[in-house]
*Asks:* 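Following this message is one structure expressed as structure tokens.
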Amino acid sequence: MTERNTYYITTPIYYPSDNLHIGHAYTTVAADCLARFKRMQGRDVFYLTGTDEHGQKIERTAREKGQEPIEYVDNIVISIKELWDRLMISHDDFIRTTETRHRAVVQKLFQKVYDQGDIYVSEYEGWYCTPCETFFTERQLAEGKCPDCGREVELLKEESYFFRMGKYTERLLAHIAANPDFIQPESRRNEVVSFIKSGLDDLCVSRTTFSWGVPVPFDSKHVVYVWFDALINYLSGIGFLAEDENADNFRYWPADVHLMAKDIIRFHAVIWPAMLMAANIPLPKKVFAHGWIMLEGGKMSKSKGNVVDPVVLINKYGVDAVRYNLLKELSFGQDGYYSEEMLVGRVNADLANDLGNLVSRTAAMIIKFFGGILPAPAVTEALDEELKSQAAATFKEATDRLDRLDFTNYLQAVLRLVSRANKYIDETEPWALGRDENRKGRLAAVMYNLAECIRISGILLAPAMPTYNERLNAQMALFADPLKLNWDDAGQWGLAQPGLAVKKGKALFPRIDISSLDLPVAEEAEQGAAAAPAESKSEAASGAELVSIEEFARLDLRVAEVIAAEKMPKADKLLILKVKLGDEERTVVAGIAQHYTPEELVGKKVVIVANLKPVKLRGVESHGMILAASTDTVVAVLSPDKDLPSGSKVK
RNA sequence: CGCGGGAUGGAGCAGUUGGUAGCUCGUCGGGCUCAUAACCCGAAGGUUGCCGGUUCAAGUCCGGCUCCCGCAACCA
């Protein structure tokens, strides 16, 4: 065997501007599953995760809260580490880009690439918003103004260092072509290739407009910008280029897998390899992008109240169930939908009904027929061979699927063995065997074979469900040490020791009553928000602040007649309406294009706020706002229920 | 023509290099009683979004079209 024994796997480093959600948990759990699997196979595994803590956004947010940036991120990092704890993430290290061990490597690499001629100083030109201290590209601007604050921007030049990424175009394409597994899945590879072919610009790798970052070693006005800083964590996390005691960890490079969500594949499949080429460092073996988790009712957002807090789910269902569901329910590599209802369904069907119940009924029978001592198999029959060969096939398939990061089918394969075992009980009818003393030998073999299926599936499930085997072992003492399992033991039949003790225990995966779920996510999210440092609730209908009649009177509400309506070009939600207000005509832009067609509105009398400050939307000036009532899904424009002349006052 | 994903039995999804369409849940019928109202068997249910092309053969390749969904933009 010449294959090296190390296995280095990474997640992205997360940006601590907010608490993490289920999407981050997904990546990290998947990587953890792989790391545990490889460890069980005896590989020398290094699993790295961490946080990307630099940048203007962090700096500004911290200042707004009256904190030092480091103080601000320290707090968030604590909560992230707690989350990984709860999810039983087994990372070997946690790298923070603010640590000196990271900063030193960034500076060394920057210097190295500079010395070698691939970093040069030039000018970055962009639209600059002075109050926001931010550059924007032409495309980012909102009607020529700052997309953040709406103020004027000016075309400014900033001195910046640039990385000659364009130079590596051909080498990148050649490498991708020569290594089909480098970018996975395939659809992402195609995307990256066409992106590269469309032309690579040199990359701006330093900034002078903020200071919260790693200083450029030879030019202290500059800090290293974003990706040139962040990506290097994969090296600094194992002490690469450091001349110190960590040198031992060099052996992990090149990384076996960089795992991430699809939105940052380009940075990992283009910028990162180009940087490594420039620094003359071997490229990682594989860059794998999985899909996004979508939530029922659209993308998760705070205003929709559908943010899923993994901690809440763990408290409710346990870490094994949460991890299992993430890995099983979503086809890795593709986008998928998530809902708590699905989680409950999955957990009930697979873990409670099939797996948990298999353990429960087997244990009960061993207790009933053999006094809680696992018997040795005595009388075997042909049927047993089929069971054994399926167990062997399951081991092979699970191994194979995991190696391909196909978590869904890995778990499906294991569950098929569990199902087979349940069927085996029906086929052998142990309760009938138990009534006949002459068939006790056969009964013993049946019990033993079931225990074997439980043992094997237990090993195979260990990477996904880190607490399962410990809990299982309390009922059926199949393992000497349930925390130190050997993967290949699942490939051998007959390792369960006859004589081991079987005890009645609590249900390993209690069935969840789905009808008892009361608006689970929304309610829990509220609790989470309440516990978090006070963030004001924006729209509490009942507890709305009271206003005086004078304040209300400041609004000039009028009946207006829609005389023309058209869709705003290149906008999904906007309609441009011409309305008549008495003798006056004015243009109002309304965000109701997804609920009303222009035809429906023409001739309609609506209510508008007539004295609203005009604003430009997509280049069209809007003089007023149409009033409409709405829920998440329905929008209804208000209209007086008697015919009134346009211009009538509303109060 | 901003970027990307998708359209497969009631629902959610698989379908590797083209060769009779599978899985989970649900529904209906049956069986069993060791078990967490769990388990096992059987059945119904799809002209694989539309049109055209390549081929002996296409869900699977090519072209066109329609519709959905994310990102971005945007809700005065």
Side-chain angles (χ1 to χ4, degrees), chain A residues 139-143 147 186-188 190-191 194-195 198 262-263 265-266 291-296 298-300 303 328-331 333-339 341-342 344-346 348-369 404 406 408-409 412 415-416 418-434 443 446-447 450 504-514 568 570-575 588-595 608-609 611-618 621-628 630 635:
Chain A
R139 284 212 43 196
Q140 289 174 308
L141 297 180
E143 312 312 329
E186 198 180 317
S187 59
R188 292 272 104 69
N190 296 337
E191 185 188 330
S194 66
F195 173 72
S198 75
K262 66 181 184 182
D263 51 335
I265 184 73
R266 285 184 187 176
W292 277 334
I293 297 183
M294 241 73 83
L295 299 181
E296 303 261 319
K299 182 86 179 164
M300 57 185 120
S303 57
K328 174 82 188 285
E329 194 66 38
L330 303 147
S331 208
Q334 293 201 0
D335 291 355
Y337 285 84
Y338 167 88
S339 72
E341 214 178 313
M342 284 167 151
V344 169
R346 189 87 265 145
N348 276 345
D350 290 4
L351 299 182
N353 295 353
D354 287 1
L355 178 62
N357 188 38
L358 173 67
V359 173
S360 175
R361 61 202 303 211
T362 303
M365 288 188 284
I366 294 174
I367 291 166
K368 180 170 179 181
F369 299 126
R404 286 151 56 184
D406 182 356
T408 306
N409 285 305
Q412 196 175 85
L415 260 289
R416 264 203 300 271
V418 170
S419 270
R420 185 66 191 80
N422 274 317
K423 183 174 174 178
Y424 180 79
I425 294 179
D426 254 63
E427 291 165 333
T428 53
E429 300 186 319
W431 50 91
L433 299 174
L443 181 60
V446 169
M447 291 302 116
L450 288 171
K504 181 86 188 135
K506 278 191 311 205
L508 293 170
F509 299 101
R511 235 185 112 74
I512 304 157
D513 182 1
I514 192 148
M568 173 85 74
K570 305 189 84 171
D572 299 338
K573 301 184 180 176
L574 302 181
L575 290 180
V588 174
V589 178
I592 53 176
Q594 289 170 334
H595 304 278
I608 72 166
V609 182
N611 61 342
L612 201 66
K613 209 162 102 186
V615 77
K616 259 194 185 180
L617 289 171
R618 285 249 147 210
E621 191 137 293
S622 176
H623 300 269
M625 176 167 81
I626 306 276
L627 295 188
S630 64
V635 170

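Numbered from 1 within each chain, the chains take letters A, B, ... in sequence-line order. Keep in mind that what you see is a predicted model, and the values were worked out from it rather than measured.
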*Asks:* Can a donor-acceptor pair under 3.5 Å be found between the side-chain atoms of Asn357(A) and the base atoms of A38(B)?
*Replies:* no
*Asks:* Are side-chain heavy atoms of Val588(A) and Met625(A) found at a separation under 4.5 Å?
*Replies:*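 They are not in contact (no side-chain heavy atoms under 4.5 Å apart), so the answer is no.
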*Asks:* What distance, rounded to whole Å, do you find between the two C1' atoms, one in C32(B) and one in A38(B)?
*Replies:*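 About 12 Å, rounded to a whole number of Å.
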*Asks:* Can you tell me the base-pairing partner of G52(B)? Count Watson-Crick or G-U wobble geometry only, both distances below 3.5 Å, and say none if there is no partner.
*Replies:* C62(B)
*Asks:* What integer number of Å spans the P atoms of U36(B) and A44(B)?
*Replies:*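 It works out to 34 Å between them.
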*Asks:* Please figure out whether Trp431(A) or Leu355(A) has its closest RNA chain B nucleotide nearer the 5' end.
*Replies:*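 Counting from the 5' end, the first nearest nucleotide belongs to Trp431(A).
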*Asks:* If you check the Ala364(A) side chain, which of A35(B), G31(B), C71(B) turns out closest?
*Replies:*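 Looking only at side-chain atoms, Ala364(A) lies closest to A35(B).
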*Asks:* Under a 3.5 Å limit for both distances, which nucleotide forms a Watson-Crick or G-U wobble pair with C25(B), could you say?
*Replies:* G10(B)
*Asks:* Sticking with atom P, work out how far G53(B) lies from A58(B), rounded to a whole angstrom.
*Replies:* 12 Å
*Asks:* Taking atom C1' of G4(B) as reference, at what distance in whole Å does atom CD of Glu191(A) sit?
*Replies:* 6 Å
*Asks:* Can you tell me the distance, in whole Å, between the CG atom of Leu508(A) and the P atom of U36(B)?
*Replies:* 12 Å
*Asks:* If I take atom CG in residue Asn348(A) and atom P in nucleotide A35(B), what distance separates them, rounded to the nearest angstrom?
*Replies:*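 Rounded to whole Å, this separation is 20 Å.
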*Asks:* Hey, does Glu329(A) have a side-chain heavy atom less than 4.5 Å from the side chain of Tyr338(A)?
*Replies:* no
*Asks:* U66(B) and C25(B): how far apart are their C1' atoms, nearest whole angstrom?
*Replies:*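 So the two C1' atoms sit 30 Å from each other.
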*Asks:* For the C1' atoms, the ones on C3(B) and on C13(B), what distance do you get once it is rounded to whole angstrom?
*Replies:*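 Taking atom C1' in both C3(B) and C13(B), they lie 25 Å apart.
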*Asks:* Taking the minimum atom-to-atom distance to the side chain of Trp292(A), which one of G5(B), G70(B), G12(B) wins?
*Replies:*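 Nearest nucleotide to the side chain: G70(B).
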*Asks:* Atom pairs under 3.5 Å, N or O on each side, protein against nucleotides 22-29 of chain B: can you list them with distances?
*Replies:*
unit_1: U24(B); atom_1: O2'; unit_2: Arg346(A); atom_2: NH2; d: 2.8

*Asks:* So, does Asn353(A) get its side chain near the phosphate of C39(B), meaning an N or O under 4.0 Å from OP1 or OP2?
*Replies:* yes
*Asks:* Just do the side chain to side chain donor-acceptor pair (under 3.5 Å) check on Arg511(A) and Asn357(A) with the steps written out, would you?
*Replies:* CA-CA 10 Å; Arg511(A) 235 185 112 74; Asn357(A) 188 38; over 6 Å; no
*Asks:* Look at the side-chain N and O atoms of Lys423(A) and state whether any lies under 4.0 Å from the OP1 or OP2 oxygen of C41(B).
*Replies:* yes
*Asks:* Would you measure the distance from the P atom in G15(B) across to the matching atom in G22(B) and give it in whole Å?
*Replies:* 15 Å
*Asks:* Do Asn348(A) and Phe509(A) have side-chain heavy atoms sitting under 4.5 Å apart?
*Replies:* no
*Asks:* Under 4.0 angstrom, heavy atoms only, what part of the nucleic acid is Arg404(A) near: base, sugar-phosphate, or nothing?
*Replies:* nothing
*Asks:* Ile265(A) CD1 to C3(B) P: how many Å, rounded?
*Replies:* 19 Å
*Asks:* Separation of Leu415(A) atom CG from A38(B) atom C1', in whole Å?
*Replies:* 15 Å
*Asks:* Testing the basics here: between Lys328(A) and Asp350(A), what is the closest heavy-atom pair and its distance to 0.1 Å?
*Replies:*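 Taking Lys328(A) first and Asp350(A) second, the nearest heavy atoms are NZ-OD2, 2.7 Å.
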*Asks:* Please report, rounded to the nearest Å, how far the C1' atom of C71(B) is from the CZ atom of Phe195(A).
*Replies:*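 So the CZ-C1' distance, Phe195(A) to C71(B), works out to 15 Å.
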*Asks:* Given 3.5 Å as the limit, does a donor-acceptor pair link the side chain of Thr428(A) with the main chain of Tyr424(A), or not?
*Replies:*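 Present.
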*Asks:* Could you tell me whether Glu427(A) and Arg420(A) make a salt bridge, using a distance below 4.0 angstrom between a side-chain N and a carboxylate O?
*Replies:*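 Between Arg420(A) and Glu427(A) there is a salt bridge, with a charged N closer than 4.0 Å to a carboxylate O.
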*Asks:* In the strands shown, is G46(B) matched to any nucleotide by a Watson-Crick or G-U wobble pair with both distances under 3.5 Å, and which?
*Replies:*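 Its partner is none (no Watson-Crick or G-U wobble pair with both distances under 3.5 Å).
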*Asks:* Asn422(A) or Lys504(A): which one's nearest nucleotide on RNA chain B is closer to the 5' end?
*Replies:*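 The residue closer to the strand's 5' end, by nearest nucleotide, is Lys504(A).
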*Asks:* Can you check whether Arg361(A) reaches Asn422(A) side chain to side chain, under 4.5 Å on heavy atoms?
*Replies:* yes
*Asks:* Please determine, for the side chain of Ile425(A), which listed nucleotide (C34(B), G5(B), G12(B)) has the closest atom?
*Replies:* C34(B)
*Asks:* Which nucleotide in the set U36(B), C39(B), G12(B) lies at the smallest distance from any side-chain heavy atom of Met342(A)?
*Replies:*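 The answer is G12(B), which lies nearest to the side chain.
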*Asks:* Of the options U36(B), C40(B), G12(B), whose atoms approach the side-chain atoms of Asp426(A) most closely?
*Replies:* C40(B)
*Asks:* Mind checking the C1' distance from G46(B) to G12(B)? Whole angstroms is fine.
*Replies:* 15 Å
*Asks:* Indicate whether any N or O donor in one side chain lies under 3.5 Å from an N or O acceptor in the other, for Arg404(A) and Asn409(A).
*Replies:* no
*Asks:* Expressed as a whole number of angstroms, how long is the span from Ile512(A):CD1 to A37(B):P?
*Replies:* 14 Å
*Asks:* Expressed as a whole number of Å, how far does the P atom of U20(B) sit from that of G59(B)?
*Replies:*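 Roughly 11 Å separates the two P atoms.
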*Asks:* Output the rounded distance in Å from CZ (Arg511(A)) to C1' (C39(B)).
*Replies:* 12 Å
*Asks:* Could you check which nucleotide pairs with G2(B) in any of the strands shown, counting Watson-Crick or G-U wobble with both distances under 3.5 Å?
*Replies:*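 G2(B) is paired, partner C71(B).
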*Asks:* Would you indicate whether the side-chain heavy atoms of Leu358(A) and Ile425(A) approach each other to under 4.5 Å?
*Replies:* yes
